[in-house]
Amino acid sequence: MSAQEKIIREKLSDYYSTVFEKELIEEIVEVGFIDKFKAGETLIDIGENMTHIPLILDGAVKIIRQEKEGDELVLYFLEKGDTCAVSFINCINRKKSIFKGVVENDVEAIFVPVEKIDDWLAKYKTWRYFIIDSYHFRLIEMVESIDGLAFMNMNQRLLKYLTDKAKINKDINIEITHQQIAKDLNTSRVVITRLLKQLHNDGKVFSTRNKVKVLDF
DNA sequence: ACATTAAGTGATT
DNA sequence: AATCACTTAATGT
């Protein structure tokens, strides 16, 4: 057994042993490989073909919907133990990605070739449940995101965005510019500046240049 | 000291 | 809530 295989086996049993049966883990060890990505790297872009599916071990990925150039909106984050079930369906249909995935925190993940996904769905009950479960969870996050757009004002959306981000980073100190926040929420910088000042005065955040500290949880 | 980038603000739609 | 036009503050070289 190679050192790489050993590592995969260990990592898998750390996060997925209770979920997957032994035979499945063996298959993953056989065809999967570990890869790492630095924050800011684009994992997948809209329109690209997916060749591998990530099982995230560490870090976080920001999932973005993008409309042509410039117009974009952050939908949700993927974390440890997550996978993007939406990408599975993309793969099975041999379609191109409908989302963009950018690394939020340095990511370590096991990558599994697309061809296996389908096989395993028929072969392993645990894999089937894993996929359905994951798909369900993504759907809920998506609905939350729609709710945000439909029923929440920018003020609430901003606060949710900041608390979500603090949770993902496990740090209430966020390093970000008003401009970047505006981009993620698909609004203008001026609006963020003003709302952030409101939140600051309300004692919900403490913000300085390039930094926002989330005080209200 | 100067240039660049980030943030704050009033007025208007 | 968005946009414009402009000011002020912080930071890098």
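Below, each value reflects all heavy atoms present in this structure, side chains not excepted, and no hydrogens, waters or symmetry copies. If you're wondering where the values come from, they're calculated on a predicted model, not measured in any experiment. Below, chains carry the letters A, B, ... as their sequence lines are ordered, and counting in each starts from 1.
The separation between A:H200 atom NE2 and B:dT9 atom P is 11 Å, rounded to whole Å. Rounded to whole Å, atom C1' of C:dT11 lies 14 Å from atom CD of A:E175. One atom, CG of A:L195, and another, C1' of C:dA2, lie 12 Å apart when rounded to the nearest Å. Distance, A:H178 NE2 to C:dA2 C1': 17 Å, rounded to whole Å. One atom, CD1 of A:I174, and another, P of B:dA6, lie 17 Å apart when rounded to the nearest Å. Counting to the nearest Å, the C1' atom of C:dC6 and the CZ atom of A:R189 are 11 Å from each other. At whole-Å resolution of the value, CG in A:L199 and P in B:dG8 are 12 Å apart. Computed from coordinates, the A:I192 CD1 to C:dA1 C1' distance equals 11 Å when rounded to whole Å.
Contact check for A:D119 versus A:E115: no side-chain heavy atoms found under the 4.5 Å cut-off.
A:T177 pairs with exactly one of A:E175, A:Q179, A:Q180 by the side chain to side chain donor-acceptor pair (under 3.5 Å) rule, that one being A:Q180.
Backbone-only contact: A:T177 has heavy atoms under 4.0 Å from sugar-phosphate atoms and none from a base.
The two atoms that bring A:L196 and A:V205 nearest to each other are O-CG2, 4.1 Å, heavy atoms only. For A:G32 against A:I110, the heavy-atom pair with the smallest separation is CA-CG2, 4.3 Å.
Distance from the side chain of A:M154 is smallest for C:dA2 among the nucleotides C:dA2, B:dG8, B:dA6. Side chain of A:N153, nearest nucleotide from C:dT3, C:dA1, B:dA6: C:dA1.
Between A:Y124 and A:F20, the ring center distance fails the sub-6.0 Å criterion.
Residue A:T187 places at least one side-chain N or O closer than 4.0 Å to OP1 or OP2 of C:dA2. Here A:K197 reaches the OP1 or OP2 of B:dT9: one of its side-chain N or O atoms lies under 4.0 Å away.
Along DNA chain B, the nucleotide closest to A:R194 and the one closest to A:Q179 are compared, and the more 5′ of them pairs with A:Q179.
Below the 3.5 angstrom threshold, one finds no donor paired with an acceptor across the side chain of A:R209 and the base of B:dG8.
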